[in-house]
Amino acid sequence: MTTTPVISQKGSMNAADWTKLLILGAIWGGSFFFARIAVAEIPPLNLVLFRVAIAALALHVYLLAFGPSFRLAFPYTGLFFLLAALNNVLPFSLIFAGQTELGAGLASVLNATTPFWTILVANTLTSDEKLSWNKLAGVGLGIAGTALMIGPGLVSSLGGPVWAKFALIGASISYAFALIVARKFKGVPSEVIATGQLTCSTVIMIPIVLLTNGPAGLFSATGPVWLAVLALALLSTAFAYILYFSIVASAGATNASLVTLIVPVSAMLLGTLFLQERLEAFELAGMAFIGIGLLVIDGRLFRRR
């Protein structure tokens, strides 16, 4: 995949985009599963560093072998650091911190609020992705679902501590701003965008980890945990971001954010089958509101009817 992407102004989705979206949703659902395993032994900030550094290295090898040249990223250096902060450093840190207390399924459902924040941010900061009746209705349903998932925990701490849930919401808001920044890389191949972003994330994370946790015990995790880290970095980050930026380029920021409709299904299946996780009834109800909200935002089902 070395063709130059063209940013879609209409935000349409073709069959190829939908195929990529489904694959990406399954892979990113797995990222919550792998992260839940890894945070049992690796501090969140260290895990962020391992995730971005291994993925960046893999993508540099990919570019050297198959192209295009990483030199295409040089004119966008400052923008890449901004994208790295909003799309990797901040959200990954918040997600991994939250997942020290939350299961993969619940974390992925809270992450599914990303399209709602993306619509609000895109309506304010872009000229071609404005609010419509279905987007407004979908945002309302999404906010209701999020409140339903978090609200009961304010009283009884069901499903995990409230701070952990707000960490996941904060990550989703960060992703929304990152999607708008990603639109600015018009004409840059998706492989180069992914590599530039992860390289800058690595540069940011190295001093943060060394100052926060120090080098002691940096590589002390067990074998199964390192396998989860590799899967998280290579499959759920390096390969996934190539798909992600390809979708942003061809279908727009809002459509790309719809991947979070698929992510919870994958994450919950893996969490249930392998981690013995269980969602509370109010969390399932909130998830239903979020899912319906995403379908309303997409609008295709209603247009067909």
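Just so you know, residue 1 is the first one in the sequence shown, and it goes up from there. Only this structure's heavy atoms are used, side chains among them; waters, hydrogens and symmetry mates stay out.
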Q) Is the backbone of L45 close enough, under 3.5 Å, to the side chain of S93 for a donor and an acceptor to pair up by distance? A) no
Q: Please check if the distance between the ring centroids of W117 and Y175 is under 6.0 Å.
A: no
(Q) Please check: side-chain N/O of S31 versus main-chain N/O of W28, any donor-acceptor pairing under 3.5 Å? (A) yes
Q: Spell out, as yes or no, whether a donor-acceptor pair under 3.5 Å connects the side chain of R51 to the backbone of S236.
A: yes
(Q) Once you measure the plane-to-plane angle for Y76 and F80, does it fall in the parallel (<30°), tilted (30-60°) or perpendicular (>60°) bin? (A) perpendicular
Q.
If hydrophobic clusters are built by linking Ile, Leu, Val, Met, Phe, Trp and Tyr wherever their side-chain heavy atoms come under 4.5 Å apart, do V52 and L210 end up in the same one?
A. yes
Q) Do any N or O atoms from the side chain of S201 and from the backbone of Q197 form a donor-acceptor pair under 3.5 angstrom? A) yes
Q: Give, for atom CD1 of I193 and atom CG of L59, the distance between the pair rounded to the nearest 0.5 Å.
A: 12.0 Å
(Q) Do S174 and N87 have side chains that approach each other closer than 4.5 Å (heavy atoms only, starting at C-beta)? (A) no
Q. From L234 CG over to L57 CG, what is the distance, rounded to the nearest 0.5 angstrom?
A. 9.0 Å
Q. Do the side chains of L21 and F239 join up, straight or via other hydrophobic residues, at under 4.5 Å, putting them in one cluster?
A. yes
Q) Rounded to the nearest 0.5 Å, how far apart are OG1 of T237 and CD1 of I242? A) 11.5 Å
Q.
Quick check: closest heavy atoms across L94 and A167, and the distance to 0.1 Å?
A. CB-O, 3.4 Å
Q. When clusters are formed by joining ILVMFWY residues with side-chain heavy atoms under 4.5 Å apart, either directly or through shared neighbours, do L227 and F32 land in the same one?
A. no
Q | Within-4.5 Å side-chain heavy-atom neighbours: V192 and P68 | A | yes
Q: Quick one: closest heavy-atom pair of A178 and L83, and the distance?
A: O-CD1, 3.5 Å
Q.
If you apply the rule side-chain contact (heavy atoms from CB on, under 4.5 Å), what do you find for L230 with F34, and how did you get there?
A. CA-CA 9 Å; L230 288 175; F34 299 133; over 6 Å; no
Q: Please name the pair of heavy atoms, one in L110 and one in S172, separated by the smallest distance, quoted to 0.1 Å.
A: O-OG, 3.3 Å
Q.
Quick check against the 3.5 Å criterion: does E41 have a side-chain atom that pairs as donor or acceptor with the backbone of T222?
A. yes
Q | Beyond-backbone contact of N88 with Y241, side-chain heavy atoms, under 4.5 angstrom | A | yes
Q: Compare all side-chain heavy atoms of I206 with those of T202 and state whether any distance is below 4.5 angstrom.
A: yes
Q: With side-chain contact (heavy atoms from CB on, under 4.5 Å) as the test, would you mind laying out the steps for Y244 and L179 before giving the verdict?
A: CA-CA 10 Å; Y244 166 82; L179 276 161; 3.2 Å; yes
Q. Would you say L232 and F219 are hydrophobically clustered, going by side-chain heavy atoms of ILVMFWY under 4.5 Å?
A. yes
Q: Report the distance from atom CD1 of I292 to atom CG of L141, rounding to the nearest 0.5 Å.
A: 6.5 Å
Q: Classify the ring geometry between F70 and H60 as parallel (under 30°), tilted (30 to 60°) or perpendicular (over 60°).
A: perpendicular
(Q) With side-chain hydrogen bond (donor to acceptor under 3.5 Å, both in side chains) as the rule and sequence neighbours excluded, what pairs involving residues 203-213 come up? (A) N46-N213
Q: Return the minimal non-hydrogen interatomic distance between L198 and A55, and the atom names on each side.
A: CD1-CB, 3.7 Å
Q: Run through L47, L218, L49, V48 and flag the one making a side chain to side chain contact (heavy atoms under 4.5 Å, CB included) with I42.
A: L47
Q.
For residues V181 and V259: do they belong to one hydrophobic cluster (side chain heavy atoms under 4.5 Å, members Ile, Leu, Val, Met, Phe, Trp, Tyr)?
A. yes
Q: Check W226 against A221 and note the closest heavy-atom contact, atom names and distance.
A: NE1-O, 3.0 Å
Q | Nearest-0.5 Å distance that lies between atom CH2 in W18 and atom CD1 in I23 | A | 13.5 Å
(Q) Within the 4.5 Å heavy-atom criterion, are Y62 and T195 side-chain neighbours or not? (A) no
Q.
Quick check for you: to the nearest 0.5 Å, what is the distance between S246 atom OG and L24 atom CG?
A. 10.0 Å
Q: Search all heavy atoms of I204 against all heavy atoms of A84 and return the closest pair with its distance.
A: CD1-CB, 4.3 Å
